[in-house]
2 protein chains.
Amino acid sequence: MSCFNPYRDHNHQHCIKDALNEARLLCRSRNIRLTPLRERVLELVWQSHCPVGAYEILAELTQGESKPAQPPTVYRALDFLREQGLVHRLSSINAYIGCSHPSTPHNSCFLICTQCRTTIEIEHPAIEHSLEDCASEHGFIIADASIELAGLCTNCKTN
Amino acid sequence: MSCFNPYRDHNHQHCIKDALNEARLLCRSRNIRLTPLRERVLELVWQSHCPVGAYEILAELTQGESKPAQPPTVYRALDFLREQGLVHRLSSINAYIGCSHPSTPHNSCFLICTQCRTTIEIEHPAIEHSLEDCASEHGFIIADASIELAGLCTNCKTN
DNA sequence: GGAAAAGCGTTATATTATAACATTCAACAG
DNA sequence: CTGTTGAATGTTATAATATAACGCTTTTCC
């Protein structure tokens with residue numbers, strides 16, 4: 001999944017297609033409903049490797065419709081997708097991004113470029129390890145980790 | 001600073017006093033102004049080891065005043081305190097907490113108890129290390145890290 | 001003492017998110 | 001195949017968080 005390194009030139013249509021396919025399989029296997037609306041929102045989230053805001057999604061949903069969609073429409077779809085691990089919320093920027101490996105649970109680390117906004121999701125054992133160590137040293141049980149690194153991606157730092 | 005482990009019984013007045021003292025020294029040494037308002041906001045942030053929302057601070061600021069304070073008053077003070085490293089923003093819960101070691105720059109990790117809300121700030125070399133490794137593997141330059149772990153603290157997990 | 005900058009007050013508004021209730025749709029039992 | 005039930009969505013309103021913009025006051029510093 002997440003066919004290519006998003007920093008490199010790639011056919012993003014593949015990413016979208018793969019993400020949607022995996023989502024369909026996953027929901028089918030879990031016996032839950034990936035409705036057209038939810039699928040559409042997931043597709044919009046996957047339009048790029050940049051995080052999108054809920055209201056951006058809302059605007060795109062509304063495109064060409066007679067009646068504008070309302071916030072709960074988007075937030076409910078996002079809630080569903082997040083519960084299923086198909087989408088992550090980046091709390092440091094109030095935005096959402098498609099999960100690049102939704103079938104396995106994980107505490108990912110996000111590298112968010114402040115210039116081009118491209119964001120990659122990384123599972124790095126050493127990070128998970130050090131976080132676990134840190135928590136257990138303090139008798140703390142991690143339920144949910146938010147690890148977001150803002151900075152310059154490899155392309156932007158040289159340009 | 002941060003006199004005691006906040007999980008343990010402690011005289012929190014010491015924490016507040018120490019935090020304010022260190023802030024005064026630090027601002028004096030940097031030749032910047034810790035005005036009464038800013039100091040008051042810092043004091044309110046330090047009322048406990050739990051993060052506080054901007055509007056909670058606003059409400060407390062307003063206590064006993066004839067005219068209520070307005071949001072920019074609080075946000076400006078918080079912006080100042082954050083720039084000086086005296087306060088951190090926890091983006092996962094939209095709240096603010098006093099920094100427990102403001103004189104050295106750092107990428108801290110926060111352990112946020114979802115039950116009692118007690119939050120501790122940790123500098124853990126292994127975490128910083130693993131994050132740096134992860135970033136450099138991807139040619140990424142970290143400018144700002146947000147590492148927030150939600151879960152159960154050592155007291156709450158047994159109660 | 002006076003100019004410039006920093007700090008703060010004030011009003012208005014932007015942005016993000018949720019509550020609550022009505023309606024429609026899908027699943028499934030009988 | 002139909003009635004019932006719960007899930008999904010539509011709709012209206014509002015909550016919660018944060019910032020823009022402008023003007024007055026205070027501090028700094030020449």
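Only a predicted model underlies this, so the values are computations on that prediction, with no experimental measurement involved. Chain naming here is simple, since letters A, B, ... match the order of the sequence lines and numbering starts at 1 in each.
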Tell me which pairs pass salt bridge (charged side-chain N to carboxylate O under 4.0 Å, His left out) where either residue lies in [range], with sequence neighbours left out.
range                       : result
residues 58-72 of chain A   : none
residues 31-40 of chain A   : Arg24(A)-Glu39(A), Arg40(A)-Glu43(A)
residues 115-138 of chain A : none

Residues 68-87 of chain B side chain polar contacts: donor-acceptor under 3.5 Å, at least two apart:
unit_1, atom_1, unit_2, atom_2, d
Gln70(B), NE2, Pro68(B), O, 3.3
Thr73(B), OG1, Gln70(B), O, 3.3
Gln84(B), OE1, Arg30(B), NH1, 2.9

- Item | Axis bend over the full length of the helix from dG1(C)-dC30(D) to dG30(C)-dC1(D), computed from five pairs that close each end, to 10 degrees |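 Result, rounded to 10 degrees: 30°.
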- Message: Give me each pair satisfying ring-ring contact (aromatic ring centres under 6.0 Å, His included) with a member in residues 102-138 of chain B, each pair once, sequence neighbours excluded.
- Response: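 Listed once each, the pairs are His88(B)-His106(B), His88(B)-Phe110(B), His101(B)-His106(B).
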Suppose we screen for side chain to side chain donor-acceptor pair (under 3.5 Å). Which residues come up paired with [X], at least two apart in sequence or across chains?
X         : value
Thr114(A) : none
Asn155(B) : none
Ser92(A)  : Glu148(A)

Tabulate atom names and distances for all N/O pairs under 3.5 angstrom spanning the protein and nucleotides 18-28 of chain C.
none

- Which ILVMFWY residues are connected to Leu26(A), directly or by a chain of links, through side-chain heavy atoms under 4.5 Å apart?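 Its cluster mates, by chain and number: none.
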- Message: With heavy atoms of chain A within less than 4.0 Å as the criterion, where does contact along DNA chain D begin and end?
- Response: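 Listing 5' to 3', DNA chain D meets chain A from dA8(D) to dT12(D).
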